[in-house]
Structure formats: structure tokens, C-alpha cells
Amino acid sequence: MTEPLAWGRHYVAVEPTHFRVDYAINPFMDPAVQPDPALAMEQWQSMVATLRGLGARVDVVPQRPDAPDMVYAMNLGLALVRPTDPGSPAQRHVVMSHMRYAQRRMETGSAQAWFAAQGYATSYVGSEGVGAHLEAGDAFAFGDALVVGYGPRTEELALKHLAGDLGIRVRGLRITHPGMYHLDLAFCPLDERRAIVCPSALDDASARALMELVPEPLVLTEQEALTTFAANSVVVDRTIVMPACPPRVRAQLEAWGFEVVVVDVGEFHKGGGSIRCLTSPVDVTIGRDLPALARGEVVLPQL
Ligand code: ARG
């Protein structure tokens, strides 16, 4: 049996006390279609209760009243547990996002203060602090690398900074689909060999690279990814918490030995995000989940 992911048992989420659709920065958002605040809160609470029921820890960050998208905690920053000198405790570190759109930039300042108060070291990509746009919903540990989507949100330059700053291998995938503007809408690692993937989010070379990267992929059609948000799921050990699961997808997941739990977070689809976007894993470890390199390295697909 393939080993389960070693991460995905500790998350940060933002309580949706001020969730609204005030502007449109992705194709799902329409300020004329607002979420129901009470229903959104109920859906979020049942998602958090489900994760905790599976044994995951979920830490809750308060939402800034002026930051309606802050509920999508995945994008606040890329958290990694970093090795330190032998004998000293590992350091929790967050590379804060530098958001593409001005409407979300204030989120990271508040998140940075919260993470710092919890004892995390924080930084921004690039030595000057504003090196390049990075949105953490584009970055996932898988195999021998941090797999990072770039294009709509994260800039290619951020990949170089991440690899160099963290001493890891970064594999870049170029996102071209406007509806799958973050990698987490098209890629969900399931265990060490398997992942849900939607290659139609990417250009041809990156789609091929993604299929080569995942030994056993579960491929979603463009339609499935966009209408069900099925790739925007969270895995706790052998259980996949999904916003929806088409029968074909469920059959494959169950044949692989996973249990599927569906939690409706439909109100959050109005902002263009689902379960993965609402939760940020903070237990990916460099040296265990991500091999450390003496010097970082960026691998881009060749056309
Ligand atoms: N409205 C948010 C945005 O466009 C949605 C973010 C979804 N988050 C994600 N990790 N895909 O930035």
C-alpha cells in the first residue's frame, strides 16, 4: 500500500465573519451574487468540525472586516516546518503570500502578525521583501519537489526565490486556464504516488509534466474541475474531505482505499474557492516531505 501523505493533519483557517463578494478577481465572482452569511458560517463550521473529527488540528485566525476574501486561508502564506541545528526544535516558518491583486494585499499583514504571535518565523519571497507575486494556493509538496503553478497569480520569478530561499527543488507548471487560476483548483496530492489532477488547467508542456510527475493520477475533465471543485479537496490520512464527488471519481478513490466525506461549502464557491482554499496546511516538513538541497533548483517543463 502506498504511504499516506505525512502532512495534512494541521491547518489554519479564517472564521468567515466578514465574507462577501465585493469585487471580481476571478471568473466565479459576481458582486451581484452575494453569499448568505449565516449559511456560509454554518458550512464553514461543519467543514472545521469534520476535519477535527478526523483528528486534524485546525487553528482559527480572525477575519479582517475590510478583507472579504481572507476566508480563503490557503492564500495567506506557504507554511513549512524547517530543519534547524541538530538538537534544537524545528522552526515553523511561513513564506507570506504577495498577492497579485491589490484588493487582497492587506490580508497578509494581519496574517503575518497572527503567525508571528503563534511563534512562526515569517518572511516574504526575495531578499528585498517584494520579490514577486506569490499566492500559496499555487504551491504543494509532492514527490521530490514543491510543485508551483504560475501565471494567473504567482509569477515565474517567485519560483526562483522560493527554491533559493528555502533550499528546495521547485517544479513549475504554467497555468493558462482563467477558471483554474490557482493550482489548488487543478491539483490535489492524495498520497505519495497519487493525486487528483486536471491537466486542462495548464499549457501543453506543463500538462505533460504534471502527468509525468504523478505515478497514479486521477484525471478530472475541465468540466468536472470547474463545476464540482473536486480538486479543491483536503486529505487527512486516508480520508478525503471534498466539496462534491462525481460517482466516477468516488469509485476510483474508494478502489484506492480512500474514504470520501462530502461537505457542502457552496456559499464559498461564489468567491471562487472551496475546501482547500479555506484551509492552509502548516505541517509540511522540509527534509521529510520536501527533500532539502544545498542550493535550490527550479525545474520548468520544456516545450
Ligand atoms: N476570491 C479569491 C481570489 O480570487 C478566491 C481564492 C481561492 N483560493 C484558492 N486557494 N484557490 O483570490
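Keep in mind it's a predicted model, so treat the numbers as computed, not measured. Atoms within a ligand are numbered from 1 in the order they appear, just like the ligands themselves.
Of the candidates M180, H182, R276, R100, it is H182 that places a heavy atom closest to atom 11 (N) of ligand 1.
Here E155 does not pair with R100 in a salt bridge; the nearest charged N to carboxylate O distance is not below 4.0 Å. Using a cutoff of 4.0 Å between basic side-chain nitrogens and carboxylate oxygens, E212 and R208 are not scored as salt-bridged.
For atom 9 (C) of ligand 1, the closest non-hydrogen atom of the protein is C277 SG, 2.7 Å.
R64 and S110 are linked by a side-chain donor-acceptor pair at a separation below 3.5 angstrom, with hydrogens and angles left out of the test. Between the side chains of S206 and D203, at least one donor N or O lies within less than 3.5 Å of an accepting N or O. Under the 3.5 Å distance criterion, with hydrogens and angles disregarded, no donor-acceptor pair is assigned to the side chains of E135 and T154. Side-chain contact, D69 with Y101: no donor N or O sits under 3.5 Å from an acceptor N or O.
Here M99 has no heavy atoms under 4.0 Å from ligand 1, in either its backbone or its side chain. Only the side chain of Y181 comes within 4.0 Å of ligand 1, counting heavy atoms alone; its backbone N, CA, C and O stay farther away. In E135, neither the side chain nor the backbone holds a heavy atom less than 4.0 Å from any atom of ligand 1.
Here is the list of ligand 1 atoms found below 4.0 Å of a heavy atom in D184: 9 (C), 10 (N), 11 (N). Taking every non-hydrogen atom of M29 and a distance limit under 4.0 Å, the qualifying atoms of ligand 1 come out as 1 (N). For ligand 1, the atoms closer than 4.0 angstrom to any heavy atom of D69 are 1 (N), 2 (C), 3 (C). Those atoms of ligand 1 with a heavy atom of G271 less than 4.0 angstrom away are 1 (N), 2 (C), 5 (C). Annotation for ligand 1: atoms under 4.0 Å from non-hydrogen atoms of G272 are 7 (C). Ligand-side atoms of ligand 1 in range of N26: 1 (N), 2 (C), 3 (C), 4 (O), 5 (C), range being under 4.0 angstrom from any heavy atom. Contact atoms of ligand 1 toward R153: 3 (C), 4 (O), 12 (O) (distance under 4.0 Å to a heavy atom of the residue).
For an aromatic pair to be called close, the ring centres must be under 6.0 Å apart, and F268 with F28 fails this.
At a 3.5 angstrom cut-off on N or O pairs, N75 counts as close to ligand 1.
Every residue two or more places apart in sequence or in another chain that forms a side-chain hydrogen bond (donor to acceptor under 3.5 Å, both in side chains) with N75 is listed here: R104, H182.
Pairs of residues two or more places apart, or lying in two chains, that qualify as side chain to side chain donor-acceptor pair (under 3.5 Å) and include a residue from residues 270-288 are E267-K270, H269-S274, T285-R288.
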